[in-house]
2 protein chains.
Amino acid sequence: MTNWFVTTNGDLKSRWEAAFPDAQSAQEHNIESQIKPGDLIWLVTTVETWPALARRLVAANVTVVILSYMPNDREALKALDQGARGYVHTLAAVDVLKQVALVVANQGVWVGQELLSKVLGGSFKALQQRTEQNARPAAECLSLLTEREQSVAIAVTSGAANKEVARQLDITERTVKAHLSAIFKKLGVRDRLQLILKLANNDYRVNS
Amino acid sequence: MTNWFVTTNGDLKSRWEAAFPDAQSAQEHNIESQIKPGDLIWLVTTVETWPALARRLVAANVTVVILSYMPNDREALKALDQGARGYVHTLAAVDVLKQVALVVANQGVWVGQELLSKVLGGSFKALQQRTEQNARPAAECLSLLTEREQSVAIAVTSGAANKEVARQLDITERTVKAHLSAIFKKLGVRDRLQLILKLANNDYRVNS
DNA sequence: TTATATTCTGTCCAACGGTACAGTATTTTT
DNA sequence: AAAAATACTGTACCGTTGGACAGAATATAA
C-alpha cells in the first residue's frame, strides 16, 4: 500500500513526509497511471477537477481521502458522494492524518465531529419524532446464548441466509446450522422467522 | 483515561477484556459516580435509558460510544444526537473496538462505512427520501399490494409458513406462493425474511 | 368489446433450511 | 482427572420455499 499525495504544485510536501515518510507525491495528470489497487490517495481540493478525479480513482479500487483548505458541509457531502472515505482539513495535525489513514485503512469513514452533526443536524428533528418504540427485551434472549450463537442470531436477525452468515463469520455453513439449532432450542422457537420476531419483540403465532 | 463498559448485567465481559485489559465494568446506576473527565464510556443499548444516560455522560466531559446489537440508521442518528462519538455493533471484532477507541480518542467520530454512506449517500434530498421511506414502513409498502396480497403479507409477517397462511385464508398453498411471488416482486425483496424486515422497518444489514 | 387486473390453481425442480445421526479440538468447570 | 461447555465440521435426509413454465374465472377499465 502506497500513500499518494495529489496536489497541483507539490505543496506541503514536508507535512506529508512528517506523517508518512514513505509517501509519494503526484500530480493530477500522472497519478492515475501510477496507482495500484489498495493504495491510499490524499487529494487536495485545489485540484480543480477533484470530484471527477476522485470518482475515477475510487473506481480504480483505491481509497481516497479529500483534503480541503476550507472544509464545509456541501464539499464534504460531495466528497463522500464521489466515494471518498475521508474529508479532512488540509492542515490537520500530522497525528490526525495518521489517524485518518488508520481509520480508512480499516474500512472506516472519517469526517470531523462538528461536520457530521452539522450535516445530520437538519434531519434530526424529523427522525427524533419517529424514534419511538425502543423497547428491546431482546437482551434477555440474547444473554441465554453463547457469544458465537449471539453473533449468528444477530446476523440472521438482519435477514442473512446461512451462506451469508457463514461468510460473515468465516465459518462453514454447517457450523452456522449447528449454532442455529442450538439457538432455536434455547429460545424455544421453531425457525429463523420466529427468531426474528422474538428478537424484534413482536408477539408471534406458534401455530394454529 | 479509563475504559468503562456499561451494561445491564455485565454481559460480554470477556470481549471487553480482550479488547481492553484495563477496562472497568459498570452498571447504569453507578457509572456516573465513578467517571472522570476524559474517560471513554462504552454504553450498550440494552440499557433502556441509554439516550438520557449518554447525554448526561457527554455533559460530564467523557467520550461515549454506543454499542448496539441491532444497528440501524435511526438509532445511530439518535446516538450521535446525544453526543456520542461512536456507534458500533456490540459484537464488532475486538480489533474494530480498538480501532474505534483510537478514533474517538483523537476527536474523530466513528460510524460504519455502510451506515454513513446510507445516511449521507447522494444528497440531502436522497437522505430525506430515505428517511421518509423508513419513517412510514408498513403502510406505504402495503399500499402497493392488492387486498389479498396484503392479507398474505401480514400473515407471513406474523411468522406463518405457507401452509398456515393457506389454512388461514382458506386457499391452497400454491396460491399463497403465487401471491408471495407477486409481493416479493412488487416490494423488491428476495424472500419472506426480507419482507418481514421491510415491513418491520428494520432493513439494516449488518456487516458486508 | 377488448384489455387489464385480480384471484385462484396446477406440476416440476433447484435451492434452502433444519434435524439426525455423527465426529474432533479446546477451554472451563467440577 | 473427569465432566461439561464451547466451537467447529461432515454426510445424509426431508420438508419448505420460491421460481419457471403454466392455465382459468371474474370483475373492472379503456
In whole angstroms, how far is the [atom2] atom of [N] from the [atom1] atom of [X]?
{"X": "B:R190", "N": "C:dC16", "atom1": "CZ", "atom2": "P", "answer": "10 Å"}
{"X": "B:D191", "N": "C:dA15", "atom1": "CG", "atom2": "P", "answer": "16 Å"}
{"X": "A:H179", "N": "C:dG18", "atom1": "NE2", "atom2": "P", "answer": "15 Å"}
{"X": "B:E173", "N": "D:dT16", "atom1": "CD", "atom2": "P", "answer": "7 Å"}
{"X": "A:L195", "N": "C:dG18", "atom1": "CG", "atom2": "C1'", "answer": "13 Å"}
{"X": "A:K163", "N": "C:dA14", "atom1": "NZ", "atom2": "C1'", "answer": "11 Å"}
{"X": "A:L144", "N": "D:dA5", "atom1": "CG", "atom2": "C1'", "answer": "15 Å"}
{"X": "B:R167", "N": "D:dT16", "atom1": "CZ", "atom2": "P", "answer": "11 Å"}

For [N], does OP1 or OP2 lie under 4.0 Å from any side-chain N or O of [X]?
{"X": "A:K177", "N": "C:dT19", "answer": "no"}
{"X": "B:R148", "N": "C:dC8", "answer": "yes"}
{"X": "A:R192", "N": "C:dG18", "answer": "yes"}
{"X": "A:T172", "N": "D:dC8", "answer": "no"}
{"X": "B:T146", "N": "C:dT6", "answer": "no"}
{"X": "B:N162", "N": "D:dT17", "answer": "yes"}

Considering all heavy atoms, the nearest A:R192-A:A160 contact: NH2-O, 2.9 Å
Nearest heavy atoms of A:A79 and A:I66, plus distance in Å: CB-CG1, 3.6 Å
Assign B:T175 to base, sugar-phosphate, or nothing according to its heavy-atom contacts below 4.0 angstrom with the strands shown. base
Assign B:A178 to base, sugar-phosphate, or nothing according to its heavy-atom contacts below 4.0 angstrom with the strands shown. base
Are B:Q27 and B:T7 close enough that a side-chain donor and a side-chain acceptor fall under 3.5 Å? no
Could you tell me whether the side chain of B:Q150 and the main chain of B:L145 form a donor-acceptor pair under 3.5 Å? yes
Whichever of A:R174 and B:K186 has its nearest DNA chain C nucleotide further upstream toward 5': B:K186
Passing candidate, side-chain contact (heavy atoms from CB on, under 4.5 Å) with A:V152, options A:L195, A:T175, A:V165: A:V165
